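Single-structure report; data block below.
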Amino acid sequence: MSVNVNEFQQPVGETLEAWEPRPLPQRVTLFGRFCRLEPLSAGHIADLLEAYGNAEDGRDWTYMFSGPFSHEDEFRRYLSDAAASRDPLHFAVIDAQGERAVGTVALMRIAPQHGVIEVGHVAFSPLLQRTPAATETHFLLMQYAFEQLGYRRYEWKCDSLNAPSRKAALRLGFRYEGLFRQAIVYKGRTRDTTWFSIIDSEWPAVRQGFVRWLDERNFDPQGQQRHGLAALRNQ
């Protein structure tokens, strides 16, 4: 494998001849078969309050920076603040069948000069969790970041103790990169952060897996998947 060197014969990274900073993500609507993503707004709050009201307890917020919320007004303020934010840039997930908001997700830690962006603040209500729309949500955001905005690196980070999040990252095609020890203090406790990423050269294979998985032929009459996402990505 050849290595680039500079005038001092030091090894250096590959030169990106035509590199330019990437555009910032915008408040766009992204359309899929099972869902669409809309910029989070005050108009989604009533639906989201109802959707999250289906949760038995506050466990879905354990590894989030916010929540759980003791009062409806507190939750409303959180959603209103999220809707006004540019980074993180929050989207509402709209279920295509029910035409109602059932969760939120954000693009964050946006670094256009480096072509790096992160997905985070993944707050899926029980109505969205473990559904095709949940998987499609991530596909739509990845597709937007890589294909429309031209980002080079798409990140996923989570509390190292959040086993469901680590499992979800691997299922979606992210690669494990390592552990940042004592990286954050939140909710009065320490957090080791696990890092995952997808880079642009990996996106075509990851994309193909999503396309195969989301195809209507991959679902039986009861709506159950015939083949798992990881298996279809590795074909």
Side-chain angles (χ1 to χ4, degrees), residues 1-26 28 30 63-65 85-91 105-122 135 137-186 189-213 228-235:
M1 178 178 177
S2 62
V3 177
N4 292 335
V5 296
N6 64 8
E7 65 271 28
F8 308 111
Q9 297 305 299
Q10 295 168 306
V12 294
E14 178 186 355
T15 301
L16 302 177
E17 298 286 356
W19 173 254
E20 294 182 0
R22 308 316 305 152
L24 287 167
Q26 300 299 310
V28 297
L30 306 174
Y63 301 109
M64 304 284 284
F65 286 95
S85 172
R86 294 293 302 184
D87 186 355
L89 179 62
H90 291 262
F91 294 85
V105 65
L107 293 173
M108 57 184 286
R109 294 173 62 94
I110 304 162
Q113 69 274 29
H114 304 303
V116 178
I117 200 164
E118 179 181 345
V119 60
H121 293 277
V122 181
T135 297
T137 291
H138 288 289
F139 171 61
L140 292 174
L141 276 184
M142 289 182 197
Q143 190 174 46
Y144 180 52
F146 283 119
E147 298 181 14
Q148 293 181 245
L149 299 177
Y151 278 67
R152 305 174 64 233
R153 174 179 167 86
Y154 191 83
E155 297 178 337
W156 176 296
K157 304 185 186 80
C158 65
D159 191 312
S160 65
L161 299 176
N162 188 351
S165 184
R166 298 197 315 269
K167 181 179 179 181
L170 294 173
R171 174 182 176 269
L172 293 168
F174 288 85
R175 295 194 183 187
Y176 171 76
E177 291 189 323
L179 180 71
F180 280 44
R181 299 177 299 161
Q182 296 186 186
I184 290 174
V185 175
Y186 75 134
R189 61 180 188 255
T190 186
R191 183 179 106 167
D192 294 349
T193 298
T194 304
W195 285 51
F196 300 86
S197 75
I198 299 170
I199 60 175
D200 52 1
S201 61
E202 298 161 350
W203 170 240
V206 173
R207 184 188 193 283
Q208 185 70 350
F210 277 113
V211 170
R212 290 169 175 164
W213 191 86
L229 179 58
L232 292 172
R233 184 171 57 248
N234 295 326
Q235 282 185 358

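This is a predicted model, so every value here is computed, not measured.
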First locate atom OG1 of Thr193, then atom CD1 of Ile184, and finally report the distance between them rounded to the nearest 0.5 Å.
4.0 Å
Which heavy-atom pair separates Pro112 from Leu24 by the least distance, and what is that distance?
CG-CD2, 3.4 Å
Heavy-atom distance under 4.5 Å between the side chains of His138 and Trp156, does that happen here?
yes
Looking at Gly173 and Val206, what are the two nearest heavy atoms and their distance?
O-CG2, 4.0 Å
Answer yes or no: does atom CD of Gln113 have more than 12 heavy-atom neighbours from other residues, nucleotides or ligands under 6.0 Å?
yes
If we only count heavy atoms from C-beta on, is the Leu16 to Arg152 side-chain gap below 4.5 Å?
yes
With sequence neighbours left out, write down each residue that passes side chain to side chain donor-acceptor pair (under 3.5 Å) with Arg166, or none if nothing qualifies.
none
Strictly distance-based, threshold 3.5 Å: is any side-chain N or O of Arg212 a donor or acceptor partner for the main-chain N or O of Leu232?
yes
Spacing of Phe210 atom CZ and Met142 atom CE [to the nearest 0.5 Å]
4.0 Å
Check whether NZ of the Lys or CZ of the Arg Arg22 lies under 6.0 Å from the centre of the six-membered ring of Tyr151 and within 45 degrees of that ring's axis.
no
Keeping Asp87 on the side-chain end and Ile110 on the backbone end, is there a donor-acceptor pair under 3.5 Å?
yes
By side chain to side chain donor-acceptor pair (under 3.5 Å) - contacts of Gln143 (at least two apart):
none
Can you name the nearest heavy-atom pair linking Phe91 to Gln26, along with the distance?
CZ-O, 3.9 Å
Heavy atoms only: give me the nearest Arg191-Cys158 pair and the separation to one decimal.
CZ-C, 4.0 Å
NE2-CZ distance between His121 and Phe65, expressed to the nearest 0.5 angstrom
7.0 Å
Centroid separation under 6.0 Å, is that true for the rings of Phe174 and Phe196?
no
Using the rule given for side-chain contact (heavy atoms from CB on, under 4.5 Å), can you reason through Leu30 versus Gln148, listing the C-alpha separation, both sets of side-chain angles and the distance that settles it, and then say yes or no?
CA-CA 11 Å; Leu30 306 174; Gln148 293 181 245; 4.2 Å; yes
Measuring from atom CD of Glu202 to atom CZ of Arg233, what distance do you get when rounded to the nearest 0.5 angstrom?
10.5 Å
In terms of heavy-atom contacts, Ser197 and Glu177 come closest through OG-OE2, 2.7 Å
Just checking Glu14: does its CD atom have more than 12 heavy atoms from other residues, nucleotides or ligands closer to it than 6.0 angstrom?
no
Does the side chain of Ser165 come within less than 4.5 Å of Asp159's, by heavy atoms?
no
Any non-hydrogen side-chain atom of Leu107 less than 4.5 Å from a side-chain atom of Tyr154?
yes
Atom CD in Glu155, atom CD1 in Ile198: separation rounded to 0.5 Å?
11.0 Å
Show your reasoning for whether side-chain contact (heavy atoms from CB on, under 4.5 Å) applies to Tyr144 and Ile117.
CA-CA 11 Å; Tyr144 180 52; Ile117 200 164; over 6 Å; no
Would you check if Ile199 and Arg175 make a side-chain contact, meaning some heavy-atom pair closer than 4.5 Å?
no
Can you tell me how far apart CH2 (Trp213) and CZ (Phe139) are? Round to the nearest 0.5 Å.
12.0 Å
Which heavy atom in Arg153 sits nearest to a heavy atom in Phe146, and how many Å separate them?
N-CE2, 4.3 Å
Atom CZ of Arg181: over 12 foreign heavy atoms under 6.0 Å:
no
